[in-house]
*Asks:* 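Here you go, one structure.
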Amino acid sequence: MAAESVRVSASSACNFSFNGSQRRPTVPLSPARFLGLRPRRQSSSSSSSYLGTVRLNSISSKPSTSLSRRNFSVFAMATEESKRAVPLYDYRNIGIMAHIDAGKTTTTERILYYTGRNYKIGEVHDGTATMDWMEQEQERGITITSAATTTFWNKHRINIIDTPGHVDFTLEVERALRVLDGTICLFDSVAGVEPQSETVWRQADKYGVPRICFVNKMDRLGANFFRTRDMIVTNLGAKPLVIQIPIGSEDTFQGVVDLVKMKAIVWSGEELGAKFVYEDIPTDLQELAQEYRSQMIETIIDLDDQVMESYLEGVEPDEETIKKLIRKGTISSSFVPVLCGSAFKNKGVQPLLDAVVDYLPSPVDLPAMKGTDPENPELIIERAASDDEPFSGLAFKIMSDSFVGSLTFVRVYSGKLSAGSYVLNANKNKKERIGRLLEMHANSREDVKVALTGDIIALAGLKDTITGETLSDPENPIVLERMDFPDPVIKVAIEPKTKADVDKMATGLIKLAQEDPSFHFSRDEEINQTVIEGMGELHLEIIVDRLKREFKVEANVGAPQVNYRESISRISEVKYVHKKQSGGQGQFADITVRFEPMEAGSGYEFKSEIKGGAVPREYIPGVMKGLEECMSNGVLAGFPVVDVRAVLVDGSYHDVDSSVLAFQLAARGAFREGMRKAAPKMLEPIMKVEVVTPEEHLGDVIGDLNSRRGQINSFGDKPGGLKVVDALVPLAEMFQYVSTLRGMTKGRASYIMQLAKFDVVPQHIQNELSSAKEQVAA
Ligand SMILES: Nc1nc2c(ncn2[C@@H]2O[C@H](COP(=O)(O)OP(=O)(O)OP(=O)(O)O)[C@@H](O)[C@H]2O)c(=O)[nH]1
């Protein structure tokens, strides 16, 4: 399928038929309550805890530190089976990431074929790609969930995670990056560096993941390797190290010049196992090849004084030294090697595999993993990547499985793990028994007895562990750094069609939310409706589809709505006295709270500046609780409040009449008054939208974006005489945009969008949203 058509159709299938309640505040519903259990309190450390929804990753109580570590007597024992077949320095844990449709799955399929993992190549457009194993992936030709597999190349073990390109599934990329040691960034040589490639590049920067670049689709009309190389500089601010240049382009693309060996690699055909030969560099490319080789050498010699000195004296480094320095610079992210090819035409993939082995790091090339002691979070602990260290691993993905219930994917950072042993979930201080250890190949699996450092393994039957939590040797507990989960930006109301669907829907929602921390659900008590929240229309559409297919739930789905937020524009300070004297014991609490605006993205923070016991220590949790409760229900229209710090400045109490409850009620009063005085504002998600259209429809596209409150930022040209428009448009105006765009341009334009920022909602829309809230209240 052509890139353009997928861009449109990927978002096109949204078809929400039931018009549910619009813009209503929702009341949190935990899965525990869904099941009729009492919910536990959640931790207040995450800004996103105040979204009015319960995050499944935080429903469990904090670890009680009293549980003795000696309770766990059995632990992974080193057995004969635990001997390494592949040394750790020959491991490569890599991901493949890119903009939607750049060819990640196609490239992965070739990798599996050339490494002998698969005996045939599955194609995305036939719905036969191994890594796109979900029905929805095969039907739509897109990757939705990241799949893991293991293969071997030149005696190296390569664990690969193929990730989705669509922005709605950005969490999949985030969690893969958290556990990978290196990544291949793929670009479409026609489109160059596209918006989602920029996003994943920044995510890789955040986790400090070394990369190599592969400029794919060199066979396509309009392919341009050197333009893509320049865009790596301009759009990503990175330093590309060209180590191959293409031989030919578009339909004359035949192979590459390997600048390390100074040889041409030419593929003789396009058949699946396309053969290649090393040849002399074609005469017309010799000068260009020499120029790029010199640039390559002049960049890498910066990393070694001796090599630089020799080079200045006229001695070129040999192949081994060049490779060693490219490896050093790649691992330290001093530059990114750039290669090219055409995965679909089976050209360039074998040298890409060589580059993975030669230049991307093994676990031992990276700094030791850092974590904290669960009983003393100030204490930093380091775990070197070694089988001899105590076991530590991070759960980075949960997947429902029809055979074994649920599978927890774990990256082993140190030590060994064997079936039948016990580990400690250090975040919850709970022991987990390791039942089956499964090595995954997309959705098929192989039982193994032991997992070693560096492995990515699926564990069957864990009870309490959720995404982002650490499993460790009970005698040597450690909590590794958690990963960030993005907050949902849209929501829809969903109602089971029949009574029989109610329970099934509850089970399904709980399971799906366990798998996907960027998916939340909650209950709007006022209208007795369940609301599901996610990263975009496609994300929620897939969730509804999975509810139907996997959990057999028939449901009516409402129109999508925006997840608005509320915040404040200035500092306010209020004194609030809660006083009641109606027979029996009275209630008294007096507090002064200052509300301060914080930077965008800071969430909510509480601070106490109480001195001299003006509010006794035991009542402060009451104030915190009262404020926390209110943060999910802003004063303007009941949306979650973000980017606010509440400071307890002063107060007083009564020896007899004061209680935690009285302070909690006072905090609620202070919130209502304080927020109103602090110039409250409503915020909405603003999307960065890129539309690619034939020139004749440019005027219509721009006019339409303007009518959607869009702000046009720039125009540009794309290969093939297409125009590209960059705009910022509120998400509220973008629902079902795909149909409008298709109608307006006869299906010839495409668009993509991703979250750019949250911005203030215009006053007239704020008024509408507020009056909707009042109507609900009435
Ligand atoms: N001409 C050409 N087409 C390619 C090449 N690589 C991939 N394609 C096609 O591009 C389309 C998208 O390829 P995928 O491999 O699904 O891309 P992806 O990056 O995995 O897509 P998502 O996972 O949905 O983001 C498919 O129709 C492929 O056949 C290539 O080298 N040349």
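Every number for a ligand or one of its atoms is a count from 1 in the order of the listing.
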*Asks:* Does R220 come within less than 4.0 Å of ligand 1, judged by its heavy atoms?
*Replies:*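 Yes; R220 lies near enough to ligand 1 that a heavy-atom distance drops under 4.0 Å.
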*Asks:* Any idea which of D188, D219, L186, N216 brings a heavy atom closest to atom 6 (N) of ligand 1?
*Replies:* N216
*Asks:* With a 4.0 Å cut-off, would you call D188 and R220 a salt bridge?
*Replies:* yes
*Asks:* Does any N or O in the side chain of H539 come within less than 3.5 Å of the main-chain N or O of M535, such that one atom is a donor and the other an acceptor?
*Replies:* yes
*Asks:* At a 4.0 Å threshold, what atoms of ligand 1 neighbour a non-hydrogen atom of T105?
*Replies:*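 Heavy-atom distances to T105 below 4.0 Å select 15 (O), 18 (P), 20 (O), 23 (O).
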*Asks:* Should the ring pair Y737 and Y751 be called parallel, tilted or perpendicular, given that the plane angle runs from 0 to 90° and is split at 30 and 60?
*Replies:*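 Y737 vs Y751 ring planes: perpendicular.
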*Asks:* Could you list which atoms of ligand 1 come closer than 4.0 Å to a heavy atom of S342?
*Replies:*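 Within the 4.0 Å cut-off of S342, ligand 1 contributes 30 (C), 31 (O), 32 (N).
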*Asks:* Is there at least one pair of N or O atoms, one from A102 and one from ligand 1, spaced under 3.5 Å apart?
*Replies:*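 In this structure, A102 places an N or O atom under 3.5 Å from an N or O of ligand 1.
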*Asks:* Give yes or no for whether the N/O distance cutoff of 3.5 Å, strictly under, is met between G341 and ligand 1.
*Replies:* no
*Asks:* For this output row, return yes or no: ring centroids of Y359 and F335 closer than 6.0 angstrom.
*Replies:* no
*Asks:* Out of the candidates D455, I456, I158, only one should pair with Y91 under the side chain to side chain contact (heavy atoms under 4.5 Å, CB included) rule; please name it.
*Replies:* D455
*Asks:* Decide, yes or no, whether a salt bridge links R211 with D205 under the criterion of side-chain N to carboxylate O below 4.0 Å.
*Replies:*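 Answer for the salt bridge query: yes.
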*Asks:* Hey, are K217 and D101 close enough for a salt bridge, meaning a charged N less than 4.0 Å from a carboxylate O?
*Replies:* no
*Asks:* Return yes or no for this condition: an N or O of T106 is under 3.5 Å from an N or O of ligand 1.
*Replies:* yes
*Asks:* Looking at ligand 1, would A98 count as a contact under a 4.0 Å heavy-atom criterion?
*Replies:* no
*Asks:* Short list, please: which atoms of ligand 1 are under 4.0 Å from a heavy atom of G103?
*Replies:* 7 (C), 13 (O), 14 (P), 15 (O), 17 (O), 18 (P), 19 (O)
